[in-house]
2 protein chains.
Amino acid sequence: MKLNKSEPPKKMSECSKQLMAINDALDMLRGKWKIQIIGALIFGKKRFKELQREVDGITAKMLSKELRELEMNELVLRTVHNTIPVTVEYELTEYGTTLEKLIDDLYDWGTKHRKRIIRKAG
Amino acid sequence: MKLNKSEPPKKMSECSKQLMAINDALDMLRGKWKIQIIGALIFGKKRFKELQREVDGITAKMLSKELRELEMNELVLRTVHNTIPVTVEYELTEYGTTLEKLIDDLYDWGTKHRKRIIRKAG
DNA sequence: TATACCACTTACCTAAAGTATACCGGTTTA
DNA sequence: TAAACCGGTATACTTTAGGTAAGTGGTATA
């Protein structure tokens with residue numbers, strides 16, 4: 001079911017359910033790092049240090065925290081290998097890749113918006 | 001004009017341009033109130049106090065700040081009427097309505113995600 | 001006279017997000 | 001022996017998002 005502008009939900013509960021779902025989605029993209037991490041993983045598995053090198057400026061603390069959140073939400077799979085020293089690989093789950101469309105749409109709208117605002121400002 | 005605050009690198013790679021565009025879009029939806037305000041305006045013009053009554057729990061300060069940002073980004077049009085006392089009407093611009101698709105997509109993904117995570121937790 | 005509505009603004013405060021830096025145990029390379 | 005790699009933690013700090021409470025100037029109603 002989509003937000004329906006011709007027929008606003010009569011019950012407040014429907015409306016706040018919709019808001020919750022939207023915020024659930026937004027929570028997965030919020031913050032400075034999540035999209036960059038997902039973006040880095042779209043092209044394949046990466047180890048922790050590889051990710052840290054690829055996501056420009058992220059600290060180990062933030063990377064660790066964000067990956068934990070993505071893992072809890074089943075968007076990222078964490079695999080520990082019994083190598084010496086241990087290596088840990090992160091990859092998008094199949095479910096994680098369903099975010100790609102959303103990110104594409106955000107990119108499309110954001111690009112148009114940026115052009116529009118820069119045109120006015122310049 | 002609220003374009004992405006992060007300093008663009010000297011030589012801006014395609015990748016960081018994309019990230020800025022995505023963050024521009026996200027900036028317009030992020031936070032506790034923007035989507036609720038846009039949602040309230042989808043069904044038509046509203047005065048300040050009407051909006052405040054409709055967006056549950058928002059303070060005048062936050063409503064004023066969010067509306068100013070939406071106005072700067074040309075998503076919302078502000079019209080002052082010479083009534084006594086003055087009334088101020090806010091409405092989505094045509095451009096503002098282009099966000100609806102994005103909000104729909106966020107809602108769709110968020111709904112599936114919510115079901116998935118709740119199923120796992122319960 | 002007192003109270004309430006209108007559309008806000010200002011000053012102050014708190015919690016969460018993010019940054020900086022050092023550190024852990026272990027292994028490999030020079 | 002020292003330094004660098006691995007995947008992280010721990011601690012302390014700054015920044016930002018948002019909340020609280022009060023006030024502004026004007027008009028209208030009881």
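We name chains A, B, ... by the order of the sequence lines, and we start the count at 1 in each one.
- Residue-level contact check: B:Thr83 touches neither bases nor backbone, having no heavy atom under 4.0 Å from any strand.
- Proximity of A:Arg47 to the phosphate of D:dG8: no side-chain N or O atom is located under 4.0 Å from OP1 or OP2.
- Within 4.0 Å (heavy atoms only), A:Gly57 reaches no atom of the nucleic acid at all.
- For the pair B:Asp27 CG and C:dA17 C1', the computed distance is 15 Å after rounding to whole Å.
- None of B:Thr97, B:Leu77, B:Leu99 except one satisfies the side chain to side chain contact (heavy atoms under 4.5 Å, CB included) rule with B:Leu92; the exception is B:Thr97.
- Residue order along DNA chain C, read from the 5' end via each residue's closest nucleotide, puts A:Thr59 first among A:Thr59 and A:Pro85.
- Closest contact between the side chain of A:Val86 and the listed nucleotides D:dG7, D:dT27, D:dG18 involves D:dG7.
- Following rounding to the nearest Å, B:Ile84 (CD1) and C:dC6 (C1') show an atom-to-atom distance of 12 Å.
- Considering A:Lys46, A:Arg78, A:Arg47 as possible partners of A:Glu89, the one that fulfils the side chain to side chain contact (heavy atoms under 4.5 Å, CB included) test is A:Arg47.
- Taking atom NZ on A:Lys65 and atom P on D:dT9, their separation rounds to 13 Å, with Å as the unit.
- The side chain of A:Arg78 lies closest to D:dG8, out of C:dT19, D:dG8, D:dG18.
- Between the CG atom of B:Leu67 and the C1' atom of C:dC8 there is a distance of 11 Å, given to the nearest Å.
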* Show your working on salt bridge (charged side-chain N to carboxylate O under 4.0 Å, His left out) between A:Glu14 and A:Lys17 and close with a plain yes or no. => CA-CA 5 Å; A:Glu14 262 317 297; A:Lys17 256 192 229 169; 3.7 Å; yes
* Asked: Would A:Ile37 and A:Ile58 count as a side chain to side chain contact (heavy atoms under 4.5 Å, CB included) if you check the C-alpha gap in whole Å, the side-chain angles of each, and the deciding distance to 0.1 Å?
  -> CA-CA 10 Å; A:Ile37 294 168; A:Ile58 197 169; 4.2 Å; yes
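- Of the listed nucleotides (C:dT9, C:dG18, C:dC8), C:dC8 has the atom at the smallest distance from the side chain of B:Phe48.
- Between the CD1 atom of B:Ile35 and the P atom of D:dG18 there is a distance of 12 Å, given to the nearest Å.
- Between the side chain of B:Lys61 and the base of C:dT10, no donor-acceptor pair of N or O atoms lies under 3.5 Å.
- Taking atom CG of A:Leu63 as the reference point, atom C1' of C:dA20 lies 16 Å away to the nearest angstrom.
- One finds no side-chain N or O of B:Lys49 lying less than 4.0 angstrom from the OP1 or OP2 phosphate oxygen of C:dC8.
- The distance between atom CD of A:Glu50 and atom C1' of D:dG7, rounded to the nearest whole Å, is 13 Å.
- To the nearest angstrom, C1' of D:dG7 lies 17 Å from NZ of A:Lys46.
- Between D:dC5 and A:Arg53, no contact under 4.0 Å exists linking OP1 or OP2 to a side-chain N or O.
- Taking 4.0 Å as the cut-off between side-chain N and carboxylate O, A:Asp108 and A:Lys112 do not count as a salt-bridged pair.
- Comparing B:Trp33 and A:Thr87 by the nucleotide of DNA chain D whose heavy atom lies nearest to each, the residue mapping closer to the 5' end is A:Thr87.
- Aromatic ring pairs are classed by plane angle as parallel below 30°, tilted from 30° to 60° and perpendicular above 60°; the pair B:Tyr95 and A:Trp109 is parallel.
- Minimum atom distance to the side chain of A:Ala60 is reached by D:dT9, of the listed D:dG18, C:dA7, D:dT9.
- Contacts of A:Ser64 with the nucleic acid, taken as non-hydrogen atoms under 4.0 Å apart, involve only primed sugar atoms and P, OP1 or OP2.
- Checking D:dT9, C:dT19, D:dG8 against every side-chain atom of A:Met62, the shortest atom distance belongs to C:dT19.
- A:Arg30 comes within 4.0 angstrom of nothing in the nucleic acid, heavy atoms only.
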